[in-house]
Protein chains: 2
Amino acid sequence: MAYAVLMSRVLPPFTEPQEPQEPVATPVLLEIGTGQDEPGLRADAARNRARLLDAAARLVAEHGAAGVTMEAVAAAAQVGKGTVFRRFGDRTGLLTALLDHSEKKFQAAFLSGEPPMGPGASPVERLRAFGCAALRRAADDLELQLAAEPCPDRRYVVPPRRVRHAHVVMLLRQAVPDADGELLAHTLMGYLDPPLIHHLTKQCRMPMERLQAGWYDLVARVTRTTGE
Amino acid sequence: MAYAVLMSRVLPPFTEPQEPQEPVATPVLLEIGTGQDEPGLRADAARNRARLLDAAARLVAEHGAAGVTMEAVAAAAQVGKGTVFRRFGDRTGLLTALLDHSEKKFQAAFLSGEPPMGPGASPVERLRAFGCAALRRAADDLELQLAAEPCPDRRYVVPPRRVRHAHVVMLLRQAVPDADGELLAHTLMGYLDPPLIHHLTKQCRMPMERLQAGWYDLVARVTRTTGE
DNA sequence: AAATTAAGCGGACCCCGGTCCGTTTCATTA
DNA sequence: TAATGAAACGGACCGGGGTCCGCTTAATTT
């Protein structure tokens, strides 16, 4: 499939899913993100990219995420359909690009922002804060996050997820050095997955407070600390 | 969408996703399953159903799950395409039906089988055994399980998942009565999700032993017990 | 056995994601 | 500024999921 090739242009330096994925050192992380403005793009390409994102955002606002059809976006941006795919790879890529700006801010917050999320606080405090922020982030434009969900076998390979995962692994290594941080991190991240948040808040009508309390409790159990 | 209507025929007595989902008592659970033989089906319908499942299984064997096209199945079963959709609702439904038999056996094992999975063992022991079995089950025909993965907003609503979830909730209620069993159960189940198993074992080449050890550790932490 | 009717049937049809490839446009080099 | 090659473009095209609706058939009733 040409998908990988296209994505390698969209998401520049990114290892293939195959290799065993050594734990990534923190400073490298910042380079993994999607890259909103996409440097090194020909003038017309850059312009079309902007028009496409603009059109897509308009469509979301007007008809919800379901209204974001590749053809519709192309038409609204006065651009050929092929162009949309060339630029974003596939529908998920487009939707992800739409979320990229806020995702970047989120990443900045936990990678290098103020405590308690950023460096300076204790690992457990940072984990707690991270979860709250992630819950909040998932709750805002849940619809888009849901629509941007990649197909099952890409889910764990997508850059934003890897960044978050690596970060949680790092915190867990500090908080519980003797545990299998990789696996525990997956468990914790599972709690924060948009589809689950959606199920609990929308389909089961759970209040966010309960989810947050659940997160605190989970962190406490996993790190074998007390709640306070 | 007519989907829900169709499914209500395929999965007879099943509450809508909307209501807050009260904890289901154990004896009821057995009725939730998909129902392989589908009683109350007209003779021709039952015959076609069987032919379709047969054809689908053949296609999986020959061309992998990706080869299971609704049209292909219909053709192989000498049946109209509409018939496939009438019977199984959608592709996911068909694939799920294909897994139904083994899923039923799995359910029987943890609901009423021998200890340590079935009743008789302690809740923590049952949890540990449950996870191992689930891991094993996910590892066998991973491909089919992956292909049968429902779209994100159905994921937590699908009968097999609800059965497992309810069961884990029950065990957690016994093991850690003061915790939020609903939420903890989701966390534990997340660890056992086929896409994650696939990612870890296939894309990251992790050995199953590590996953299993991870499960034991997770159960221990969540229930605040020691490993042994 | 004939009549009735609800369930089932099938395939034409629509929509949408994704691909392909001949044409156009930008940037670079001469 | 003309030539050249790579990158971008666009829309015809394809395949597959899902729907629709007029027709058929199995079960039931009289």
Side-chain angles (χ1 to χ4, degrees), chain A residues 1-10 12 38-52 55-56 59 63-97 147-151 154, chain B residues 1-10 12 38-52 55-56 59 63-97 147-151 154:
Chain A
M1 204 206 299
Y3 178 82
V5 178
L6 285 171
M7 285 313 272
S8 77
R9 211 176 300 140
V10 177
E38 282 294 309
L41 226 47
R42 234 170 64 173
D44 51 349
R47 184 204 43 171
N48 282 342
R49 184 186 149 89
R51 291 170 69 162
L52 283 167
L59 283 178
H63 310 120
V68 182
T69 279
M70 296 306 256
E71 295 208 19
V73 175
Q78 314 236 60
V79 145
K81 190 179 173 183
T83 303
V84 193
F85 284 94
R86 151 179 321 274
R87 193 56 48 207
F88 298 101
D90 58 9
R91 201 179 109 100
T92 293
L94 173 60
L95 265 4
T96 302
E149 193 73 5
C151 70
R154 291 252 170 233
Chain B
M1 205 207 295
Y3 178 82
V5 177
L6 284 170
M7 285 312 272
S8 78
R9 209 175 301 139
V10 176
E38 282 294 308
L41 227 46
R42 235 169 64 173
D44 50 351
R47 183 205 47 183
N48 282 341
R49 185 186 149 89
R51 293 168 69 163
L52 283 167
L59 284 177
H63 312 296
V68 182
T69 277
M70 296 306 257
E71 295 209 20
V73 175
Q78 313 235 62
V79 144
K81 191 179 173 183
T83 303
V84 193
F85 283 94
R86 152 178 320 276
R87 194 55 50 208
F88 299 101
D90 59 10
R91 201 178 109 100
T92 294
L94 173 60
L95 265 3
T96 301
E149 192 73 6
C151 70
R154 292 251 169 234

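A note on names: the letters A, B, ... follow the listed sequences, proteins ahead of strands, and every chain is numbered from 1. Just so you know, these numbers use all the heavy atoms, side chains as well, and skip hydrogens, waters and symmetry mates.
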5'-most contact on DNA chain D: Gly82(A) or Gly40(A), nearest heavy atom basis?
-> Gly40(A)
Atom pair distance, as rounded to whole Å: CE in Met70(A) and P in dA12(D) | 18 Å
How do Thr69(B) and Asp44(B) order along DNA chain D: which one's closest nucleotide is nearer the 5' end?
-> Thr69(B)
What's the CG-P distance between Leu94(A) and dG17(C), to the nearest Å?
-> 10 Å
Could you check which of dG10(D), dG18(C), dC16(C) has an atom nearest any side-chain atom of Phe85(A)?
-> dG18(C)
Taking CZ from Arg49(A) and P from dA8(D), how many angstroms apart are they, rounded to a whole number?
-> 12 Å
When you measure from the side chain of Ala43(B), which nucleotide among dA8(D), dA27(D), dG17(D) comes out closest?
-> dA27(D)
Euclidean distance, atom CZ of residue Arg47(B) to atom P of dA26(D) [Å, nearest integer] | 8 Å
To the nearest angstrom, how far is Glu149(A) atom CD from dG17(C) atom C1'?
-> 18 Å
Phosphate contact (dG8(C) OP1 or OP2) by Thr83(B) side-chain N/O below 4.0 Å | no
Starting at CZ of Phe88(B) and ending at P of dG8(C), how long is that distance when rounded to a whole Å?
-> 13 Å
Mind checking the CG-CZ spacing from Asn48(B) to Arg42(B)? Nearest 0.5 Å is all I need.
-> 10.0 Å
Would you say Arg49(B) and Leu41(B) make side-chain contact, with heavy atoms under 4.5 Å?
-> yes
Are any of Arg87(A)'s side-chain N or O atoms less than 4.0 Å away from OP1 or OP2 of dC9(D)?
-> yes
In whole angstroms, the gap separating C1' of dG22(C) from CZ of Arg86(A) amounts to 13 Å
Could you check which of dC26(C), dA8(D), dG18(C) has an atom nearest any side-chain atom of Asp90(A)?
-> dG18(C)
To the nearest 0.5 Å, how far apart are CD in Glu149(A) and CZ in Arg154(A)?
-> 14.0 Å
Heavy-atom side-chain contact between Val73(A) and Met70(A) under 4.5 Å = no
Classify the nucleic acid contact of Arg42(B) as base, sugar-phosphate or nothing, counting any heavy atom under 4.0 Å across all strands shown.
-> base
Tell me which nucleotide among dG17(C), dG17(D), dC9(D) gets nearest to the side chain of Arg91(A).
-> dG17(C)
Hey, is the main chain of Val68(B) close enough, under 3.5 Å, to the side chain of Arg91(B) for a donor-acceptor pair?
-> yes
Integer-rounded Å distance: dG11(C) P and Asn48(B) CG = 12 Å
Nearest to the side chain of Lys81(B) - dA8(D), dG10(D), dG17(D)?
-> dG17(D)
